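Each remark here refers to the structure printed beneath this line.
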Amino acid sequence: MQGGVRKRGKKWYYYFDAGTVNGKRKKIERVGGDTKAEALKALREALNEFEKAGTIIDESNISVADYFDYWFDNYVKVNCKYNTQKYYKDIIENHIKPNLGIYKLKSLHPATLQKFFNGKYLQGYSKNSLKNFFGVLSKALKMAVYPYQFIKENPMQYVELPKVEEKKKDKDDLKIITIEEFNRIIERFPEGSSFYIPCQIAFHTGMRAGEVCALTWDCVDLKEKVIKVEKTLIGKGKGIWELASPKTKSSYRTIAIGDTLVNILKKHKKSQIENRLRYGKYYKDFNFVCTKENGELVTTDSLKYLSRVVNYELGIDFNFHSFRHTHATMLLEAGANIKDIQERLGHSRITTTIDTYSHVTKKMKLDTVNILENIIK
């Protein structure tokens, strides 16, 4: 796009052709300064701003730190869930800015980025952490090329993650509990306790903590014996809670439940009705399944208290996610189809299920060999 300058009276003006509006070419003309040189400089700046669709950032000098602030405000806040925003913010503030923030974005070299990852590896960061750092840097710098057009090439395309030996998960790493330990937990938090229903749902379905807390009665069909997972509970700080979409697309699922849980939920629903009548206007009626006696929601923060009691009072190595791992492990050991378990847990890939429960799938492989040996004999 070209333009020009001209003197009108005592001032110098710059001008250039903009886009066509209603079939007519639009011309922009503004004061550029007192001299021709000032007007030419103003023309260059105006053309650059026009070509960049009005961006106010000077891409020639923007630092990595400032760019990541810009990317966070314009992309992450708009497109990512609250928990993802918090996690990305942590990576940016605690890892990217301290190590890379002072560099100019246009000068960020692949060797500098590779040194960053090698350093994190030597500091002992896990493979999963390194992959998350890699993902954030790759996505942000790819967008710096397009659509933001701050740099011409993404330096991350030349960076490789250090090869990290991934430790195989075993039964102890996953904090799997036994049936006996589950019964001890239920004895400690029996029927009528705020934690009784969350424990039963998680144990019988393998649902995540946020999914359990967000469950509402419209997603429970006791006649068809299914629970629909359509939302999760997330904390936004200072006691503020919000219902959000599940973790991934695959997390939207319908879970079949057995008579044991159906009967527990029927009894619980009746109890909620009685409590609603007892508390009257003081009952907090939000249609949630997991509530306290007065209808107040049981949150994921509440479940942390449950975990502390189970660990320190009952002496069981446990967190609420243990119910999910225990549920999957029991089904696998009993010979359930791994594809069905993947869908039940809401894993997007079957490899996630296989890798997470490798201690069980190894046993299954040995069982398969034994079956073959018996057939041959």
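Note that the structure is predicted; figures quoted are calculated from it, not measured.
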Grouping I, L, V, M, F, W and Y whenever their side-chain heavy atoms are under 4.5 Å apart, do Ile273 and Leu297 come out in a common cluster? no
I'd like to know whether CD of Glu313 has more than 12 heavy-atom contacts from other residues, nucleotides or ligands below 6.0 angstrom. yes
Sidechain-backbone polar pair: Lys36 side chain, Val5 backbone, donor-acceptor under 3.5 Å: no
List the atom pairs, with distances to 0.1 Å, where a side-chain N or O of residues 155-162 and a protein N or O form a donor-acceptor pair under 3.5 Å, not counting sequence neighbours.
unit_1 : atom_1 : unit_2 : atom_2 : d
Gln157 : NE2    : Glu153 : OE2    : 3.4
Gln157 : NE2    : Asn154 : O      : 3.1
Tyr158 : OH     : Glu153 : OE2    : 2.5

Please list all pairs meeting salt bridge (Lys or Arg N to Asp or Glu O under 4.0 Å) that have one or both residues in residues 248-265, counting only residues at least two apart or in different chains. Glu211-Arg253, Lys225-Asp259
Do we see a donor-acceptor contact under 3.5 Å between the side chains of Ser348 and Lys247? no
Rounding to 0.5 Å, atoms OG (Ser63) and CG (Leu108) come to a distance of 11.0 Å
Yes or no on side-chain contact (heavy atoms from CB on, under 4.5 Å) for Lys89 and Phe72, after CA distance, side-chain angles and deciding distance? CA-CA 8 Å; Lys89 192 70 172 176; Phe72 185 86; 3.8 Å; yes
Indicate yes or no: at least one non-hydrogen side-chain atom of Phe16 is less than 4.5 angstrom from one of Leu47. yes
Tell me, do Thr300 and Phe320 make a side-chain contact under 4.5 Å, heavy atoms counted? no
Verdict with reasoning, Val309 to Leu306, per side-chain contact (heavy atoms from CB on, under 4.5 Å): CA-CA 5 Å; Val309 172; Leu306 162 71; 5.9 Å; no
Mind checking who shares a hydrophobic cluster with Tyr82, ILVMFWY linked at side-chain heavy-atom distances under 4.5 Å? Ile234
What's the separation between atom CZ in Arg188 and atom CZ in Phe195, rounded to the nearest 0.5 Å? 9.5 Å
If we ignore hydrogens and angles and just use 3.5 Å, is the side chain of Thr356 paired with the main-chain N or O of Thr352 as donor and acceptor? yes
Quick check: Tyr75 with Tyr70 (ring centres under 6.0 Å apart)? no
Side chain to side chain donor-acceptor pair (under 3.5 Å) with Thr353: which of His347, Gln342, Lys339? His347
Are Phe288 and Cys213 packed together at the side-chain level, in the sense that at least one heavy-atom pair is separated by less than 4.5 angstrom? no
Quick check: do Asn263 and Lys267 have side-chain heavy atoms less than 4.5 Å from each other? no
Nearest 0.5 angstrom please: Ile151 CD1 to Leu105 CG, how far? 4.5 Å
Is it the case that more than 12 heavy atoms not belonging to Lys81 sit under 6.0 Å from its NZ atom? yes
Got more than 12 heavy atoms from elsewhere within 6.0 Å of CZ, Arg30? no
After noting the C-alpha distance and the side-chain angles of Lys284 and Lys292, does the key distance pass the side-chain contact (heavy atoms from CB on, under 4.5 Å) rule? CA-CA 9 Å; Lys284 301 180 185 297; Lys292 299 176 184 178; over 6 Å; no
Report the distance from atom CD1 of Ile177 to atom CD1 of Ile179, rounding to the nearest 0.5 Å. 8.0 Å
What I'd like to find out is whether the side chain of Thr326 reaches to under 4.5 Å of the side chain of Phe318, using heavy atoms alone. no
Under 3.5 Å, side-chain donor or acceptor atoms of residues 130-140 against the rest of the protein: list the pairs with distances, not counting sequence neighbours.
unit_1 : atom_1 : unit_2 : atom_2 : d
Asn132 : ND2    : Tyr87  : OH     : 2.8
Asn132 : ND2    : Asn128 : O      : 3.2
Ser138 : OG     : Phe134 : O      : 2.8

When you look at CZ of Arg349, are more than 12 heavy atoms from neighbouring residues, nucleotides or ligands closer to it than 6.0 Å? no
Is the shortest side-chain heavy-atom distance between Asn99 and Lys120 below 4.5 Å? yes
Find out whether the Lys NZ or Arg CZ of Lys27 is both under 6.0 angstrom from the six-membered ring centre of Tyr15 and within 45° of the ring's axis. yes
Hphob cluster co-occupancy, Ile197 + Val310, side-chain heavy atoms under 4.5 angstrom: yes
Is any side-chain heavy atom of Ile201 closer than 4.5 Å to one of Leu265? yes
Does the side chain of Lys269 come under 3.5 Å of the side chain of Gln272 through a donor N or O and an acceptor N or O? no
Is the backbone of Gly206 close enough, under 3.5 Å, to the side chain of Arg344 for a donor and an acceptor to pair up by distance? no
Sidechain-backbone polar pair: Tyr88 side chain, Val76 backbone, donor-acceptor under 3.5 Å: no
Please report the shortest heavy-atom distance between Asp69 and Glu93, naming the atom on each side. OD1-OE2, 4.1 Å
Above 12 or not: heavy atoms from other molecules or residues under 6.0 Å from NZ of Lys41? no
Working to the nearest 0.5 Å, report the span between OH of Tyr67 and CD1 of Ile62. 8.0 Å
Sequence neighbours excluded - salt bridge (Lys or Arg N to Asp or Glu O under 4.0 Å) pairs with any residue from residues 192-204: none
Any heavy-atom pair between the side chains of Phe203 and Met330 that's under 4.5 Å? yes
Could you walk me through whether Phe189 and Gln200 satisfy the side-chain contact (heavy atoms from CB on, under 4.5 Å) test, starting with their C-alpha distance in whole Å, then the side-chain angles of each, then the deciding distance to 0.1 Å, before giving a yes or no? CA-CA 11 Å; Phe189 299 102; Gln200 292 286 5; over 6 Å; no
Is there any salt bridge (Lys or Arg N to Asp or Glu O under 4.0 Å) pair reaching into residues 302-312, and which pairs are they, with sequence neighbours excluded? Asp301-Lys304
Intermediate values then yes/no, side chain to side chain donor-acceptor pair (under 3.5 Å), Thr248 and Ser251: CA-CA 5 Å; Thr248 64; Ser251 295; 3.1 Å; yes
One should read off an interatomic distance between Thr291 OG1 and Leu215 CG, to the nearest 0.5 angstrom, of 11.0 Å
Could you tell me which non-hydrogen atom of Arg324 sits nearest to which non-hydrogen atom of Leu345, and how far apart they are? NH2-O, 2.7 Å
Is there a path of hydrophobic side-chain contacts, each under 4.5 Å between heavy atoms of I/L/V/M/F/W/Y residues, joining Phe117 to Ile92? yes
Linked, directly or transitively: Val31 and Ile28 (ILVMFWY side chains, under 4.5 Å): no
Heavy-atom pair of closest approach, residues Gly32 and Tyr14: CA-CD2, 3.8 Å
Under 3.5 Å side-chain donor-acceptor pair for Ser302 and Thr299: yes
Ring pair (Phe, Tyr, Trp, His ring centres under 6.0 Å) evaluation trace for His325 with Tyr357: CA-CA 8 Å; His325 292 318; Tyr357 302 103; 5.7 Å; yes
Nearest heavy-atom contact between Ile255 and Met207 is CD1-CG, 3.6 Å
Heavy-atom closest pair (Glu38 atom, Asp34 atom, distance to 0.1 Å) is OE1-N, 2.6 Å
Is there a path of hydrophobic side-chain contacts, each under 4.5 Å between heavy atoms of I, L, V, M, F, W or Y residues, that connects Phe286 with Tyr279? no
Arg276 side chain vs Gly295 backbone, donor-acceptor pair below 3.5 Å: no
Of all heavy-atom pairs between Leu243 and Ala214, which one has the smallest distance, and what is that distance? CD2-CB, 3.6 Å
